[in-house]
Amino acid sequence: MGRMSSTRDAAAPPPFGPLQFQLVLLRRMADHQPGLVEDALRELGVERPEMREANRRWQAMLHSSRRRGAVSRYRSVLGPPGAVAERRVGDLTCEALTWPVPLWPDLRFEVLTAPGGGVWNEWLVRAPDAAGPALRTAEDLRPWTCTVDEAARAFAPARPLEGTAPTRWRLAFTAPDAAGARRRCIAEFTWGLLQRVAVGTEDAPGPFPA
């Protein structure tokens with residue numbers, strides 16, 4: 001019996017924790033930035049199959065008949081939040097819970113809850129003590145350099161568009177290019193982090209690559 005138990009223990013997957021959650025974030029980003037994701041996997045010391053397995057386990061947690069609420073799930077995976085703060089959204093007072101993300105030291109993973117505990121938003125934001133990027137032109141919008149709110153503030157007024165999939169956001173706005181010409185842009189974000197930008201003329205934005 002002892003040998004059988006030892007065999008099962010050896011085959012058991014590692015606990016789902018912060019490393020596995022980072023792999024879930026990367027799995028979504030791999031659709032648009034495979035090169036950056038490969039670099040991140042090397043930094044984390046894991047292979048692509050581990051990323052796919054982490055995503056499979058995450059999806060199983062999301063769709064389990066015994067699934068937890070979103071906040072409880074994040075607490076079980078990431079531990080106690082690094083910070084909890086009140087946030088005003090219109091006339092409502094919400095709660096923002098944030099966790100550090102070792103892969104991006106200047107970012108935090110934020111879960112914004114509405115009164116009553118429902119989750120409104122789950123994405124990456126800039127850490128309060130970290131300086132954000134200088135966003136002045138369309139050329140400054142490089143992958144993984146800024147968050148949704150940073151782009152929206154830098155190129156206001158930005159118009160939110162429907163995302164192409166869960167955990168994805170899009171913004172439409174106008175930004176100058178390096179020569180000062182005004183360009184219409186559509187920026188796409190995954191888990192709140194910039195992935196790519198389509199830049200066109202003032203009449204029409206350029207399409208995203210296939």
Side-chain angles (χ1 to χ4, degrees), residues 21-46 48 51 55 82-83 87 89 96 98-112 120-210:
F21 183 67
Q22 290 178 97
L23 297 180
V24 171
L25 301 181
L26 291 173
R27 176 62 188 86
R28 275 290 185 186
M29 298 180 190
D31 294 337
H32 297 327
Q33 293 297 333
L36 290 177
V37 168
E38 288 291 348
D39 292 342
L41 292 176
R42 282 193 291 271
E43 182 177 339
L44 293 172
V46 301
R48 270 189 169 268
M51 179 177 69
N55 189 65
R87 180 84 55 81
V89 179
T98 57
W99 287 265
V101 188
L103 189 58
W104 295 286
D106 288 345
L107 300 180
R108 298 292 183 266
F109 186 77
E110 178 187 81
V111 175
L112 188 64
W120 274 6
N121 219 352
E122 307 154 271
W123 61 4
L124 294 165
V125 298
R126 188 70 52 186
D129 57 349
L135 301 176
R136 299 185 180 90
T137 70
E139 285 80 5
D140 295 328
L141 291 164
R142 297 183 300 277
W144 291 20
T145 59
C146 70
T147 62
V148 173
D149 60 326
E150 289 170 335
R153 288 196 305 267
F155 301 109
R159 180 166 56 95
L161 304 175
E162 184 177 356
T164 58
T167 74
R168 290 182 182 163
W169 292 260
R170 293 194 301 160
L171 288 178
F173 51 85
T174 300
D177 63 16
R182 304 293 294 176
R183 299 291 184 181
R184 290 187 62 192
C185 304
I186 295 178
E188 186 160 352
F189 303 79
T190 300
W191 289 106
L193 189 62
L194 179 65
Q195 301 299 309
R196 58 184 183 174
V197 182
V199 180
T201 65
E202 279 200 300
D203 296 326
F208 281 118

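Remember, it's a predicted structure, so these values are computed and weren't measured experimentally. Note: hydrogens, waters and symmetry copies are ignored here, and every other heavy atom, side chains too, is used.
- With hydrogens and angles ignored, the 3.5 Å screen pairs no side-chain donor or acceptor of Asn55 with any backbone N or O of Met51.
- For the 3.5 Å distance criterion, the side chains of Gln195 and Trp144 qualify, holding a donor opposite an acceptor.
- Residues Leu124 and Trp104 meet the side-chain proximity criterion, which asks for heavy atoms closer than 4.5 Å.
- Residues Met29 and Leu36 are not in side-chain contact: their nearest non-hydrogen atoms beyond the backbone lie 4.5 Å or more apart.
- A side-chain donor-acceptor contact under 3.5 Å links Arg108 to the backbone of Pro105.
- Side-chain N or O atoms of Arg170 include none that pairs as donor or acceptor with a backbone N or O of Ala187 at under 3.5 Å.
- Side-chain contact between Val111 and Asn121: absent, with no pair of heavy atoms (C-beta onward) separated by less than 4.5 Å.
- The main-chain N or O of Leu103 is found under 3.5 Å from a side-chain atom of Gln22 such that the two form a donor-acceptor pair.
- You'll find the side chain of Asp177 stays beyond 4.5 Å of the side chain of Val199, heavy atoms only.
- Here Arg126 contributes atom CZ and Asp106 contributes atom CG; the two are 6.0 Å apart, rounded to the nearest 0.5 Å.
- Between Arg183 and Thr174 there is no side-chain heavy-atom pair separated by less than 4.5 Å.
- Classified by interplanar angle (parallel below 30°, tilted 30° to 60°, perpendicular above 60°), the ring pair Trp169/Trp123 is tilted.
- No donor-acceptor pair under 3.5 Å is formed between the side chain of Glu110 and the backbone N or O of Val125.
- For Gln33 against Pro143, the heavy-atom pair with the smallest separation is NE2-CG, 3.4 Å.
- Between Trp191 and Phe21, the two ring planes are perpendicular [angle over 60°; tilted spans 30° to 60°].
- Contact of the Pro133 side chain with the Asp140 side chain is not registered, since no non-hydrogen atoms from C-beta on lie closer than 4.5 Å.
- Here the shortest heavy-atom pairing between Cys146 and Leu135 reads CB-CD1, 3.9 Å.
- Nearest heavy atom pair, residue Ala178 against residue Glu139, reads N-OE1, 3.0 Å.
- Listed for the Glu150 side chain is a donor-acceptor partner under 3.5 Å among the backbone atoms of Thr147.
- Salt-bridge formation is detected for the pair Arg168/Asp31: a Lys NZ or Arg NE/NH1/NH2 atom is positioned less than 4.0 Å from an Asp or Glu carboxylate oxygen.
- Looking at every heavy atom in both residues, Pro157 comes nearest to Phe173 through O-CB, 4.3 Å.
- When all heavy atoms of Ala175 and Ala138 are compared, the closest pair comes out as CB-N, 4.2 Å.
- When side chains are defined from C-beta on, Pro166 does not count as touching Glu122, because their heavy atoms never get closer than 4.5 Å.
- With contacts defined as side-chain heavy-atom distances shorter than 4.5 Å, the pair Leu171/Val148 qualifies.
- Here the CG-OG1 distance, from Leu193 to Thr145, works out to 7.5 Å after rounding to the nearest 0.5 Å.
- Residue Leu23 comes nearest to Val46 through the heavy atom pair CD2-CG2, 3.6 Å, listed as atom of the first residue, atom of the second, then distance.
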